[in-house]
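The figures that follow rest on heavy atoms only: side chains count, while hydrogens, waters and symmetry mates do not.
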Amino acid sequence: MRKQSTWIGVIAIAMLVLMTVAPAFGAGRQEQAAAEQITLRMSWWGGETRHNAYLDMLDLFMEQNPNIRVEAEFSGWDGYIDRLRTQMAANNQPDVYIAGHEGPWMVLPWSARADIRDFDIDLSAFSQVQIEEIMDADPDNRLIGIPVSESVRAAYLVNATVFEELGIALPSRDWTWDDMAALAQEVYDRSGGAVHGVLDESAGIPYGSFGRRSFDIAIHGSPQTSLSGHEHSAEQLTRTYEWWGALRASGAATPAEVSVQADDGANSPIVNREAAMMSTALGSFARFQANTPDNLVLMPPPAGEYPSDELSAGISTQISSQTRHPEAVALLVDFLRNDREAGLIYGTENGIPANANFREALIERGLSADEEIQFGVHNWIVNNRESVGFVFPHPSTSEFRTLQYAEEQALAFGRQSVQQTVQNILRHARDLGM
Amino acid sequence: MKSRLSPWQRKRLSEAGTAYGFLSLWLIGLFTFTLWPFAHSIHLAFTNYSFDPTYEYVGFANFIRGFTDGLSLTSMNVTARFAIVSVPLRLAVALFVAVLLNKGIRGLGIYRTVYYIPSLVGSGVAVAIMWRRIFGRRGLFNNVIALFGLQGQDWIANPDTARFMLVLLSAWQFGSAMLIFLAALKQVPQEMYESAEIDGAGVVRQFFGITVPLISPVIFFNLTMNIINAFQVFTQAKIITNGGPMNETMFMVLNIYNQAFRFGNMGYASALSWILLLIIATFTAINFVSSRYWVYYETRMK
């Protein structure tokens, strides 16, 4: 009996050891069998259409490069940056990943991102302005990504069906913030209060950041925060909150309850017909349109006293500084961002492609209705609006926004005055060293 | 050479070897994924680590900030309020349903399973999304009350009701506590109720005079576990409200998550985790100390 239990123990430990080491031996044999076989990892976020586009591109790449296998790691937006950041902290990030260079992306350590110029990748079809913008973001002036899209930071969605039903003419592309306020009021009045004119961008809503930034630059000449700190004075903040507060009070802007739940999906007020206008990113147009039978149109953001639009390098394709296969990675990234066939597969998934050859290829192939709208607004902005220099936000911006949103929501729900809100927000900025 | 171990000692050793052989996989997990991060977080709590390889030791600065920072104080306040309401409510509902199910009704197994299901799925993402759909502006609840001519609101977006919606979700997940109460109720001798009934005691008197004292060890156990769980609430707040509106649902664990992964303050987040542990330990200790005055153990009878 004693011998039996001893043997059981020995067998259990042996099995455990075998289970632990067996995969390693297996992997070792496989690698030996195909010494030239390289496996890369690539990650991105997005919805189903983007996932399918990338998977099709990767299939094509692996067909052309049979010795390289690319493992795809894709997910929705929620938690994408968190995961990437954690992987970077553990030096376990994918070889290639899609990311940005400003705003929330500044939490990713620069040292984890390789300099694209160290790789054999063709950059000739990309705008030098965008390349320089990405280089400016890096403390050592390295090029840490190749832009995927040429982004317009903000655009305005207008529900044309609602406008038509209410007998209101669509605005022209050179509209101003005052025009927008008047239209919003008209929508609310003519609908008998059933539809608000515009989503309240001042109610502490993460999804309102597109329009809010555009508003800040157009009205005050600068965004709220830059690398050097908080840019707005108490007077400027007061003006912002009073401007939006007046719209909220008259019903032209959405009430707090609607605003704080706004997102770019099922709870989008423009999809639910709770608001007839709201800001978005240029590349998000197709997603909104797919969610509603209403006819949406895209507008440049309204103009103000200052130039309000910025053409910028949107998100970019980046390379891990820890990659062990630099040549294979260069092949992959060059394919994704320079191969004409890959460009046609990806289309306008992230807005207007940054590669000029991709834009030409798409026009040659023929644009879809959604793409026509995006190209139309993009080209109009390029030709008619002045581009302002990009201002990088302060590293504590994410933390500041959480505090600011709570204060703005308290204002929108009528729990505190404009003065109190402004005081609190400036205090939070000071506390965070902004 | 003759072994120095006695046959009894050899047997014990052999049995221990077998046990550790089977336990080894779990032990590896415990040391790698629990104890090591646990110990490492103490180290990080005294640094300004923010995912950058270079960091500095900051002494107790992170702990001091934890008790002075506005967002941290808000999260403590919000979590305490949540726990104070949700724990008694969940236990009351669990005990009430357990008492009903203890009446010897037919199909007890089915009812027990049905009431336990929310506990199984309750902390998941899907239920959190469902809750948002039920109590959202265009949710099921508003559609139902509209049938009675009542005007609904967005119960989740409203700062007056958002936290209570999460309390309701917590109370709805009473199944686990209910099962434990039910098992305890079945252990209460029927003769006691019969004697009390002969003496003229009503149902309420029987409940507070017999049932509650006899199941008080189980009440104590459920209370302790639920207090710990309440202070660790995260998923529901992350998915349903994301801490809003007005930080009314910015629970401590959500704040720790934000500090670590959104704001990059990993050192500070580690300190907040230890503060949370101390708070939970304090409440648990209070519970244990107070238990000698209200928990009845037959074995302690003198």
Practice task
Please flag which part of A:R83 lies under 4.5 Å from any non-hydrogen atom of chain B: side chain, backbone, both or neither.
Solution key: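 Neither; nothing under 4.5 Å.
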
Exercise for the section: Using non-hydrogen atoms and a 4.5 Å limit, figure out which bit of A:T397 sits close to chain B: side chain, backbone, both or neither. Expected result: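 No part of A:T397 comes within 4.5 Å of chain B.
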
Let me confirm one number: the [atom1]-[atom2] distance from [X] to [Y], rounded to the nearest 0.5 Å.
X: A:S396; Y: B:N265; atom1: OG; atom2: CG; value: 7.5 Å
X: B:T241; Y: A:Q261; atom1: OG1; atom2: CD; value: 8.5 Å
X: B:T74; Y: A:L403; atom1: OG1; atom2: CG; value: 8.5 Å

Handout entry: Heavy-atom pair of closest approach, residues B:N158 and A:E257
Key =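 So the minimum-distance heavy-atom pair works out to ND2-OE2, 3.7 Å.
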
[X] atom [atom1]: more than 12 heavy-atom contacts under 6.0 Å:
X: B:R12; atom1: CZ; result: no
X: B:R81; atom1: CZ; result: no
X: B:F60; atom1: CZ; result: no
X: B:F283; atom1: CZ; result: no
X: A:Q420; atom1: CD; result: yes

Side chains of [X] and [Y]: does their closest heavy-atom pair fall under 4.5 Å?
X: A:Q409; Y: B:P159; result: no
X: B:D160; Y: A:F413; result: no
X: B:M246; Y: A:Q416; result: no

Problem - Contact list for residues 162-173 of chain B, test salt bridge (charged side-chain N to carboxylate O under 4.0 Å, His left out), sequence neighbours left out - result: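 For residues 162-173 of chain B, and leaving out neighbouring residues, the salt bridge (charged side-chain N to carboxylate O under 4.0 Å, His left out) pairs sorted by first residue read B:R163-B:E248.
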
Exercise for the section: Name the region of B:M250, side chain, backbone, both or neither, that has any atom closer than 4.5 Å to a heavy atom of chain A. Expected result: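 The answer is the side chain of B:M250.
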
Problem - Which portion of B:R137 sits near chain A, non-hydrogen atoms under 4.5 angstrom - result: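 Side chain only.
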
Practice task
Would you mind telling me which of A:E408, A:H428, A:E274 has the largest number of heavy-atom pairs within less than 4.5 Å of chain B?
Solution key: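 Heavy-atom pair counts peak at A:E274.
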
Problem - Most chain B-contacting option - heavy-atom pairs closer than 4.5 Å, from A:A112, A:P109, A:A412, A:A410 - result: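 Winner by heavy-atom pair count: A:A410.
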
